[in-house]
Amino acid sequence: MNIARELYQHRDLMRLLMQSSLLKSTSGTKLGALWWVIDPLLMTLVYVVLVQFIRGGGKLLPAYPVFVMCGLVAWKCTATCLSASITKMITSDRLIKSYSFPIISLPISAVLVNFYLFFIAIIPLFGFTLVYHYVLNVEEVNLGWTIVLLPIVILPHLMITIGLTLMFCTLAVFVQDVANMTTHIMRIGWYFSAGLYSISQVMPDYKGLWAIEEFTWKHILILNPMVHVLEAYRSVLIYVRMPDFSALAVLYVLGFIFIALGYRVFNHYQIHFAKVL
Amino acid sequence: MSDSLIKTNNLGICFRIVDKFNNRLKNILARKLEGKKLQQKFWALKNINIQIEHGDVVGIIGRNGAGKTTLCSAISGIYKPDEGKVKVNGHVVPILSLGIGMNVFMTGRENIHLCGSLMGFKRKDLIAKEQDIIDFADIEMFIDQPVKSYSSGMISRLAFAVATCSEPDILILDEVFSVGDVSFQRKSQERVKAMRQHAKAVLLVSHSLDTVKDFCSKCLWLDKGEQKAYGPVDEVIRLYEADLEKQKPLKVMTTN
């Protein structure tokens with residue numbers, strides 16, 4: 001793949017850009033890098049409390065905070081990748097006008113930084129899972145051997161995110177309103193990504209992507225690829241379960257399509273960025 | 001293969017001026033759907049034909065808005081020509097403004113690598129030249145401090161030192177030649193002279209005709225995007241000065 005070769009060639013620049021944005025995000029704060037852990041914890045707390053209030057007597061999933069946190073950190077990773085890389089493109093106008101460097105390193109470094117933060121956010125998740133299993137005796141969740149499958153879940157997630165990022169960034173350079181739109185798209189996307197509820201709560205008879213007999217309006221949910229990404233993360237990270245491989249296969253195909261499309265679009269329009277920004 | 005480092009052929013760069021009330025999306029739609037031309041074009045450069053050989057130091061002069069920076073950007077590969085061609089053989093390092101691309105939270109040493117990578121230098125070259133750069137910029141004491149604490153003079157010196165450290169084939173200096181104190185200016189002038197001897201090319205945008213006279217072998221005079229004259233430095237400057245003289249009385253009359 002061309003994109004892999006191009007990124008490998010400019011790996012030093014990418015590393016420095018990543019270092020640069022990590023430093024920017026923590027400088028000036030008293031807690032510094034600790035925010036990378038505090039952020040997802042506070043977000044989880046907000047949603048758990050919110051759902052407690054509105055559940056109205058309904059039964060919560062076992063170890064609900066762990067369930068929410070797992071989905072939330074994965075979703076937040078994608079959402080922040082998009083918004084951060086768009087911001088990076090728009091605020092780097094002077095940079096793009098001053099040097100001739102591979103512009104693609106800007107959005108990609110923003111994506112990689114957020115995946116790095118995602119890895120860090122997973123660590124407290126492991127801790128909570130263990131607490132729920134051993135201290136609170138919730139049998140359903142545990143930390144198990146399935147975490148070795150994490151890379152095969154991350155890869156399609158990364159590919160889909162990079163593809164989306166490149167497309168949105170190109171669009172946002174020409175139509176800056178896209179930057180404002182993205183925030184709202186992502187907020188709605190979160191509620192339709194089965195992060196606060198599981199697929200089986202919406203569709204009790206759901207057995208897998210290929211086991212659908214009748215397509216009802218409820219099944220629209222499973223057309224969202226992020227639903228399957230979050231399901232797969234929860235399977236391997238907190239349920240010690242095999243991920244749904246049929247869904248994973250679809251994610252890989254989608255990932256390749258997204259990344260190929262995003263790269264083509266970005267490459268085609270990047271020469272105009274300096275003039276438009 | 002041609003020997004010239006840079007060769008432009010009828011180079012033209014145009015910008016689209018978007019009407020205030022029409023946003024970009026509307027424009028795109030209108031063009032696609034109706035084939036209507038809502039946009040006005042502004043040619044920042046038109047019909048530029050220059051050829052720059054090894055060892056040339058080319059001064060670019062002209063009034064404000066003549067297209068000097070646009071030409072530098074086009075040669076650096078930042079703008080794609082809308083008309084004609086630019087052919088560049090070699091590694092171009094543009095310094096269009098000093099200190100861009102530096103992260104103020106990173107140390108001077110880290111910024112050497114960040115800026116250097118943006119300019120297209122290899123990592124191993126930067127590591128090898130690191131001490132050279134620090135010595136040249138004369139900021140040994142502060143190199144491991146965040147750039148936030150640097151003065152603008154220090155930032156300028158560092159940026160200049162990085163750009164010239166391993167002698168790119170083509171160096172573009174857009175009004176950033178006279179930075180720092182007298183001794184630093186002398187050092188940077190020597191660098192430019194050395195590059196000339198090593199058969200590299202330097203493009204120098206300057207409003208100071210004396211600087212251009214002192215350093216350049218050739219000169220390009222741009223006016224409103226057009227190439228007025230290109231050739232030996234004395235000749236072009238004489239033409240330019242004659243033109244300035246001609247314009248002066250006119251200007252005085254209009255202000256009265």
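Naming: A, B, ... by sequence-line order, numbering from 1 per chain.
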Is the [atom1] atom of [X] crowded by more than 12 outside heavy atoms at less than 6.0 Å?
{"X": "Y269(A)", "atom1": "OH", "answer": "no"}
{"X": "R264(A)", "atom1": "CZ", "answer": "no"}
{"X": "Q270(A)", "atom1": "CD", "answer": "yes"}
{"X": "Y252(A)", "atom1": "OH", "answer": "yes"}
{"X": "W35(A)", "atom1": "CH2", "answer": "no"}
{"X": "Y116(A)", "atom1": "OH", "answer": "no"}

Task: Polar side-chain atom of K97(A) near backbone of L96(B) as donor-acceptor pair, under 3.5 Å - done: no
Open item on the list: Donor-acceptor pair, distance only, cut-off 3.5 Å: does the side chain of S100(A) make one with the backbone of G77(B)?
Closed with: no
For the [atom1] atom of [X] and the [atom2] atom of [Y], what is their distance to the nearest 0.5 Å?
{"X": "M106(B)", "Y": "L23(A)", "atom1": "CE", "atom2": "CG", "value": "6.5 Å"}
{"X": "N103(B)", "Y": "L22(A)", "atom1": "CG", "atom2": "CG", "value": "10.5 Å"}
{"X": "R15(A)", "Y": "R123(B)", "atom1": "CZ", "atom2": "CZ", "value": "4.5 Å"}
{"X": "S97(B)", "Y": "L95(A)", "atom1": "OG", "atom2": "CG", "value": "9.5 Å"}

- [ ] With a 4.5 angstrom heavy-atom cut-off, could you sort out which part of H272(A) is near chain B: side chain, backbone, both or neither?
- [x] side chain
Open item on the list: What part of L17(A) gets within 4.5 angstrom of chain B, counting heavy atoms only: side chain, backbone, both, or neither?
Closed with: both
Open item on the list: Is there a side-chain contact between L114(B) and Q19(A) in this structure, where contact means two heavy atoms from C-beta onward sitting under 4.5 Å apart?
Closed with: no
Open item on the list: Within the structure provided, determine whether S98(A) and P94(B) are in side-chain contact (heavy-atom separation under 4.5 Å).
Closed with: no
Task: chain A contact via F105(B) - which portion, at a heavy-atom distance below 4.5 Å - done: both
TODO: Counting only heavy atoms closer than 4.5 Å, note whether C115(B) contacts chain A via side chain, backbone, both or neither.
DONE: side chain
Task: Shortest non-hydrogen contact from I100(B) toward R94(A) - done: CD1-NH2, 3.1 Å
- [ ] Please name the pair of heavy atoms, one in L118(B) and one in L13(A), separated by the smallest distance, quoted to 0.1 Å.
- [x] CD2-CD1, 3.8 Å
Open item on the list: Do the side chains of D12(A) and K124(B) get close enough for a salt bridge, i.e. N-O under 4.0 angstrom?
Closed with: no
Open item on the list: Checking V93(B) against Y99(A) for the side-chain contact (heavy atoms from CB on, under 4.5 Å) test, could you report, in this order, the C-alpha distance in whole Å, the side-chain angles of both residues, the deciding distance, and whether it holds?
Closed with: CA-CA 8 Å; V93(B) 171; Y99(A) 298 112; over 6 Å; no
TODO: Scan residues 72-85 of chain A for pairs that pass salt bridge (Lys or Arg N to Asp or Glu O under 4.0 Å), counting only residues two or more places apart or in two chains.
DONE: none
